[in-house]
Chemist: 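Supplied in structure tokens, the structure appears directly below.
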Amino acid sequence: MKLIKWISESVEREPWLAGTDFSLADISATAYMVRLEMLKLARMWDHKPGAAQWWERVKSRPSYKTVTTDRLRAEDLARNEKMADPWADVSPQLDQP
């Protein structure tokens with residue numbers, strides 16, 4: 001994925017996507033990463049340590065919990081827990097150009 005590659009490359013230079021401070025760039029990418037994680041696709045950044053470390057920094061921010069996990073309804077969480085793991089179907093498509 002282009003976004004995950006871009007995140008990995010960006011955080012090689014600075015801790016956050018647009019420099020030394022958390023910014024709108026990080027907020028924008030966070031929404032995408034939350035959705036990938038909810039769809040059980042977090043393995044997409046298993047081999048992108050920069051993206052994985054950035055994602056852990058994002059999730060460790062107090063605001064992350066306030067604006068994401070605290071706002072999810074119990075039924076949303078339950079639906080995601082029941083969802084089948086899509087990795088076997090998705091991963092072969094990621095290897096294509």
Side-chain angles (χ1 to χ4, degrees):
M1 297 302 268
K2 289 182 181 181
L3 177 65
I4 297 168
K5 182 180 181 215
W6 175 73
I7 290 170
S8 283
E9 291 170 356
S10 295
V11 298
E12 286 177 7
R13 297 180 295 277
E14 300 285 351
W16 298 106
L17 299 181
T20 58
D21 297 315
F22 187 77
S23 71
L24 187 56
D26 301 286
I27 293 167
S28 298
T30 295
Y32 187 75
M33 298 290 275
V34 166
R35 189 65 181 141
L36 287 174
E37 196 167 73
M38 290 181 73
L39 291 171
K40 300 183 179 186
L41 295 173
R43 285 179 269 184
M44 292 175 78
W45 51 89
D46 278 355
H47 300 292
K48 302 280 188 204
Q53 292 165 2
W54 169 83
W55 184 231
E56 290 306 313
R57 282 195 302 277
V58 168
K59 292 193 304 182
S60 72
R61 294 175 55 82
S63 59
Y64 176 83
K65 183 177 182 304
T66 303
V67 299
T68 56
T69 55
D70 286 353
R71 293 182 184 228
L72 292 172
R73 300 174 306 173
E75 52 266 25
D76 296 329
L77 296 170
R79 182 176 52 249
N80 287 328
E81 285 296 317
K82 292 180 198 173
M83 188 176 79
D85 186 346
W87 191 248
D89 295 327
V90 173
S91 63
Q93 297 175 34
L94 297 176
D95 295 333
Q96 297 177 10

Chemist: Indicate yes or no: at least one non-hydrogen side-chain atom of W45 is less than 4.5 angstrom from one of I7.
Modeler: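 Answer no - side chains too far apart.
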Chemist: Tell me the closest heavy-atom pair linking M1 and L94, and the distance in Å.
Modeler: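 Heavy atoms of M1 and L94 come nearest at SD-CD2, 4.0 Å.
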Chemist: With a 4.5 Å limit on heavy-atom distance, are the side chains of L72 and T68 in contact?
Modeler: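 Not in contact.
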Chemist: Using ring-ring contact (aromatic ring centres under 6.0 Å, His included) as the criterion, list what pairs up with Y64, not counting sequence neighbours.
Modeler: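 ring-ring contact (aromatic ring centres under 6.0 Å, His included) list for Y64, sorted by chain: W55.
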Chemist: If you look at every heavy atom in A29 and L17, which pair is closest and at what distance?
Modeler: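 Closest heavy-atom pair between A29 and L17: CB-CD1, 3.8 Å.
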Chemist: Any side-chain heavy atom of L41 sitting closer than 4.5 Å to one from W87?
Modeler: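 Yes; the side chains approach each other to less than 4.5 Å.
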Chemist: Are L36 and M44 packed together at the side-chain level, in the sense that at least one heavy-atom pair is separated by less than 4.5 angstrom?
Modeler: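 L36 vs M44: side chains touch.
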Chemist: Is there a continuous path of hydrophobic side-chain contacts, each under 4.5 Å between heavy atoms, that joins V67 to M38?
Modeler: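 Unlinked, V67 and M38 end up in two clusters.
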Chemist: Specify the closest pair of heavy atoms between E81 and K40, including all atoms of both residues, with the distance to one decimal.
Modeler: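 That closest heavy-atom pairing would be O-NZ, 3.3 Å.
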Chemist: CD1/I27 to OG/S63 distance, rounded to the nearest 0.5 angstrom?
Modeler: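 Output value for this atom pair is 7.5 Å.
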Chemist: Do K59 and E37 come close enough that some side-chain heavy atom pair is under 4.5 Å?
Modeler: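 A side-chain contact exists here, since the closest heavy-atom pair is under 4.5 Å.
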Chemist: Kindly give the heavy-atom pair with the smallest separation between R57 and P15, and that separation in Å.
Modeler: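 Closest heavy-atom pair between R57 and P15: NH2-O, 2.5 Å.
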Chemist: Between K5 and E9, does any side-chain N to carboxylate O distance fall below 4.0 Å?
Modeler: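 Salt bridge between K5 and E9, a charged N being under 4.0 Å from a carboxylate O: yes.
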Chemist: So do the side chains of W54 and I4 get within less than 4.5 Å of each other, counting heavy atoms only?
Modeler: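 Answer no - side chains too far apart.
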Chemist: Provide the closest heavy-atom pair for S8 versus A51 in the form atom of the first, atom of the second, distance.
Modeler: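 Minimum heavy-atom separation between S8 and A51: OG-N, 3.1 Å.
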Chemist: To check you understand the geometry: which heavy-atom pair defines the closest contact between Q93 and D89, and what is its length?
Modeler: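 Between these two residues, the closest heavy atoms are NE2-O, 3.2 Å.
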Chemist: Sort and list the pairs that fulfil salt bridge (Lys or Arg N to Asp or Glu O under 4.0 Å) and have at least one residue in residues 10-26, not counting sequence neighbours.
Modeler: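 Sorted pair list comes back empty.
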Chemist: Tell me whether R43 is salt-bridged to D46, with the criterion being a basic N under 4.0 Å from an acidic carboxylate O.
Modeler: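 Not counted as a salt bridge, because no side-chain N and carboxylate O are separated by less than 4.0 Å.
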